[in-house]
Every structure is written in C-alpha cells, then in structure tokens.
Amino acid sequence: MAAGSASEYDVIIIGAGAAGLMCAATAGYRSRRVLVLDHANKPGKKILMSGGGRCNFTNLNSTPANFLSNNPPYCISALKRYTPQDFLDLVDRHGIEYEEKAPGQLFCRDSARDILDMLLAECDWAGAEVRLRTSVENVDETSSGYRLQTGSGGLSCESLVIASGGLSIPTMGATGFGYNVARQFGLELLPTRAGLVPFTLHPELKEQLAPLSGVSCPVDVQCHDQHFREPMLVTHRGLSGPAMLQISSYWEPGDSLAINLLPACHIAEDLFSLRKSRPQWTLGQYLARHLPKRFAQAFTELQGWRGPLQEYKNGDIEQAAHTLGQWSIKPAGTEGYRTAEVTLGGVDTRQLSSRTMAVLARPNLYFIGEVVDVTGHLGGHNFQWAWASAVAAGNDA
Ligand code: FDA
C-alpha cells in the first residue's frame with residue numbers, strides 16, 4: 001500500500017549511513033515511498049573517512065567466520081543472499097574504479113566519495129528521499145505502523161528501519177539512538193564496547209617502547225583463542241596497525257597479548273644453529289635480518305641482550321626465543337569510541353529475523369548495520385554486513 005500525504009511514508013529509515021542508504025534504494029525500487037532521516041548535516045560521513053579516504057567497500061573473501069556475534073549463525077543468511085560480488089557488480093555498473101590492496105580487500109582507486117555518490121544516485125533513481133539535519137524526538141507505535149516526532153514536525157510510516165549505527169566516533173554523528181529505540185520496544189541489548197581500535201599502554205611500557213614509535217612490522221598476535229598475522233605499528237600513544245586493531249575486538253580489560261615478532265621463523269632452531277655457524281653474531285644482528293633495523297636495535301636494547309651468541313647458554317637461547325615468539329604485553333586499555341572503527345555488541349540478534357532483519361515480535365520494525373550485534377573483522381567486512389543486512393530489510397520493509 002503506497003502512503004498518501006506529505007508526512008506519510010511506507011518506510012522511514014533512521015540513519016543516512018552505509019546501511020540506511022542501501023536499504024532506502026532497495027525499498028525504493030520496490031515502489032515503496034521511502035524517507036531517510038539523519039540528524040547530521042551530511043550523509044555517509046563514515047563512508048567518506050573509511051579506508052583512509054578510499055573506502056574498503058567489501059572483501060571478496062568475506063564469510064560468516066569474519067564476524068563476531070553472540071549469535072554467530074545470524075549473519076549467514078543475509079551474507080549469502082547479498083554477496084561481495086553483488087556489491088561489486090553495483091560498483092561496476094557505476095563505473096567506479098577500484099583496486100585490491102590486500103587479498104580480497106577492495107578499495108576505491110580515487111575516493112570514498114565515489115561510493116557515497118553511487119548510493120545517493122541509487123536513492124535518487126529509486127525515488128527515496130534523504131532528509132538531513134532532522135532529529136527524531138519520539139517514536140510511537142500506531143495501529144498501522146509508527147509515528148515519529150521530529151524537530152520539524154510529525155511523520156508516519158508503516159515500516160521503521162533503524163540504521164543509526166553504533167557509538168564509534170561520536171564527532172561523526174554516532175549516538176545511542178538505535179539502542180534507545182530497541183529498549184523502548186522491549187528488546188534486549190548486549191553490552192557494547194569499542195572494536196578495531198588501537199591499544200594504550202601503561203606509562204612505563206610506553207616509555208620503553210618510545211624508541212620503536214613509527215615502526216611497523218609483521219607479527220602474529222594472539223589473545224584468547226584468536227590470532228591475526230598482520231602488521232603491527234608502534235605509535236607514540238601505544239600499539240596500532242591491522243594486527244592490533246583486529247585483536248582489539250577480542251581483547252577484554254586485563255588480558256595480555258602474546259606477540260610473535262618472527263612468525264615466519266623457527267626462532268629457537270635458528271638461534272641454536274646460528275650459535276654454531278656464526279658464534280660472533282648478536283641477537284640484534286639476527287633480528288635485523290627479519291625486522292626493520294630500528295625495531296631490531298630498539299628491541300634488543302629493551303631486552304638488554306648484549307654480546308655474541310657464543311656467550312649464550314642453552315637456557316638463555318630458549319628464553320630469548322620465547323620472548324621473540326611470545327612477547328607478552330598487557331595493554332592499559334584502548335583508545336575507546338573516540339577512534340574505534342566499530343562498536344561490538346548492540347541489539348541482540350536472537351530477537352530478529354535473519355531473513356528480514358525485522359523484530360520477530362514486531363515485523364514492521366527493523367535493525368540493520370552496526371547497531372546490531374554483528375561486527376566484522378578489518379578489511380571491508382563491516383561494509384559488507386551493512387550492504388547485506390540493508391538489502392535483506394529493504395526487500396521486506
Ligand atoms: P553509520 O555509522 O555508517 O551510519 C549511521 C548514521 O546514522 C549516521 O549518518 C549518523 O549520523 C546517523 N545517526 C546516528 N544517530 C542518529 C540520530 N539520533 N538521529 C538521526 N540520525 C542518526 N568498514 C569497512 O568495511 N571498511 C572500511 O574501510 C572501514 N573504514 C572505517 C574507518 C573509520 C575511521 C571508521 C570509524 C569506520 C570504518 N569502517 C570500515 C566501519 C564502517 O564505517 C561501519 O561499519 C559502517 O559505517 C556502519 O554502517 P551503518 O550504516 O550501520 O552506520
């Protein structure tokens with residue numbers, strides 16, 4: 001049923017981000033009268049800042065295993081029905097140039113703006129209206145759907161889609177709006193925390209690592225039963241780089257990280273055979289063969305490793321190998337929502353339909369994108385979830 005008056009819509013979507021715009025176009029193409037509301041002055045701010053300004057818009061190797069959730073099977077259906085290739089086909093139809101920077105990770109060649117412009121064009125072609133600078137003050141249920149009180153008057157709709165994102169980067173417009181709506185309609189929320197976020201260090205360790213600041217090296221970092229083999233970057237604030245961002249989503253306060261600085265080596269074996277073949281070599285020289293020179297030097301000094309290998313007893317070599325293979329670091333915390341790429345937790349998906357993203361007990365209220373408890377790994381998975389959950393809801397709302 002198409003709605004009639006100027007303030008009546010079939011579908012109202014709150015949030016003109018990745019998920020909201022994609023959902024609006026999908027529902028609009030079904031001839032639904034669609035309105036997207038956002039309190040920000042511009043749509044898709046996170047899209048514009050993503051991927052260093054070039055938006056890592058999907059990952060060709062995305063599978064449900066790339067997502068964290070208290071209800072892991074939930075994301076399977078939507079991800080299967082709208083795949084990375086489906087999004088890539090859309091990107092191709094718009095003639096957007098892209099490149100694969102790391103295996104599976106697709107980025108715009110020019111600018112993230114291409115993706116935002118594409119979504120806005122799709123909304124336009126589908127007849128979906130996008131209204132900015134509009135805050136929603138109240139949401140009430142009516143006999144035929146929902147009534148919204150906004151700063152500029154009342155609106156009504158049959159279907160309401162919450163696409164207001166998580167709490168990360170409040171300066172970009174993030175709010176807890178979606179969680180409040182969920183609470184209002186009796187839904188359970190899982191505790192939220194910052195994910196894909198750099199670690200901060202205790203002052204003493206930060207000082208010790210200061211000489212390593214700005215150096216990046218490939219590591220294998222482990223926390224609980226998860227590990228990631230990616231570059232780590234030491235910064236003046238703490239630890240960052242893909243390896244640290246990835247593991248931060250699994251880290252809980254008080255946990256230690258085990259960092260293998262030489263994941264491609266058999267460290268103890270190497271050191272024992274070097275002691276035989278090159279007894280004059282130092283541990284610093286060995287490290288410099290595998291790590292950036294500045295890192296090798298600073299790390300050797302940090303550990304107080306001096307003298308040639310021939311002076312090292314078996315136990316010393318084993319100890320050094322252990323330190324290099326399982327360097328244990330206890331972060332003080334994370335930088336939090338201020339710099340986090342994502343918010344973990346949120347609306348508990350056990351109350352939602354995995355086919356439509358609608359609330360099971362309220363089939364005209366939908367939650368999509370980051371507001372729900374589905375969080376991807378680094379590398380384009382979070383946008384893939386935004387697209388897939390948006391299409392699932394847009395085809396039903
Ligand atoms: P999103 O946050 O995009 O949109 C929510 C919208 O709702 C916003 O426009 C906001 O203004 C609006 N809103 C909030 N509260 C409101 C209210 N009360 N009333 C009205 N509107 C409201 N992912 C990835 O896959 N590849 C990448 O390269 C990156 N890079 C990246 C970099 C950085 C710096 C960040 C912070 C994040 C990423 N991400 C990413 C993650 C990705 O940006 C994120 O997963 C998606 O933007 C989530 O899409 P949503 O539409 O759910 O929320």
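Just so you know, ligand 1 is whichever comes first in the structure, and atom 1 is the first atom listed for that ligand. Note that the numbering runs from 1 along the sequence shown for the chain.
A salt bridge does not link Glu341 with Lys46: every distance from a Lys NZ or Arg NE/NH1/NH2 to an Asp or Glu carboxylate oxygen is 4.0 Å or more. We find that Arg350 and Glu188 are not joined by a salt bridge, their nearest charged nitrogen and carboxylate oxygen being 4.0 Å or further apart.
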Distance-only criterion, 3.5 Å: show the donor-acceptor pairs between side-chain atoms of residues 387-397 and protein atoms not counting sequence neighbours.
from: Trp387; atom 1: NE1; to: Phe57; atom 2: O; distance (Å): 2.9
from: Trp387; atom 1: NE1; to: Phe383; atom 2: O; distance (Å): 3.4
from: Ser389; atom 1: OG; to: Gly369; atom 2: N; distance (Å): 3.1
from: Ser389; atom 1: OG; to: Trp385; atom 2: O; distance (Å): 2.8
from: Ser389; atom 1: OG; to: Ala386; atom 2: O; distance (Å): 3.4
from: Asn395; atom 1: ND2; to: Val391; atom 2: O; distance (Å): 3.2
from: Asp396; atom 1: OD2; to: Tyr366; atom 2: OH; distance (Å): 2.7

Please output the side-chain donor-acceptor pairs of residues 196-213 that fall under 3.5 Å, not counting sequence neighbours, one pair per line with the distance.
from: Thr200; atom 1: OG1; to: Gly333; atom 2: N; distance (Å): 3.2
from: Thr200; atom 1: OG1; to: Gly333; atom 2: O; distance (Å): 3.2
from: Ser213; atom 1: OG; to: His236; atom 2: N; distance (Å): 3.4

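A cation-pi arrangement is found for Arg33 relative to Tyr9, the charged atom lying closer than 6.0 Å to the ring centre and inside a 45° cone about the ring normal.
For ligand 1, the protein residues within 4.0 angstrom (heavy atoms only) are Ile14, Gly15, Ala16, Gly17, Ala18, Ala19, Asp38, His39, Ala40, Lys46, Met49, Ser50, Gly51, Asn56, Ala163, Ser164, Gly165, Ile169, Gly173, Thr175, Phe177, Ala340, Glu341, Gly369, Glu370, Gly380, His381, Asn382, Phe383.
With a 4.5 Å cut-off between side-chain heavy atoms of Ile, Leu, Val, Met, Phe, Trp and Tyr, the cluster of Leu233 takes in none.
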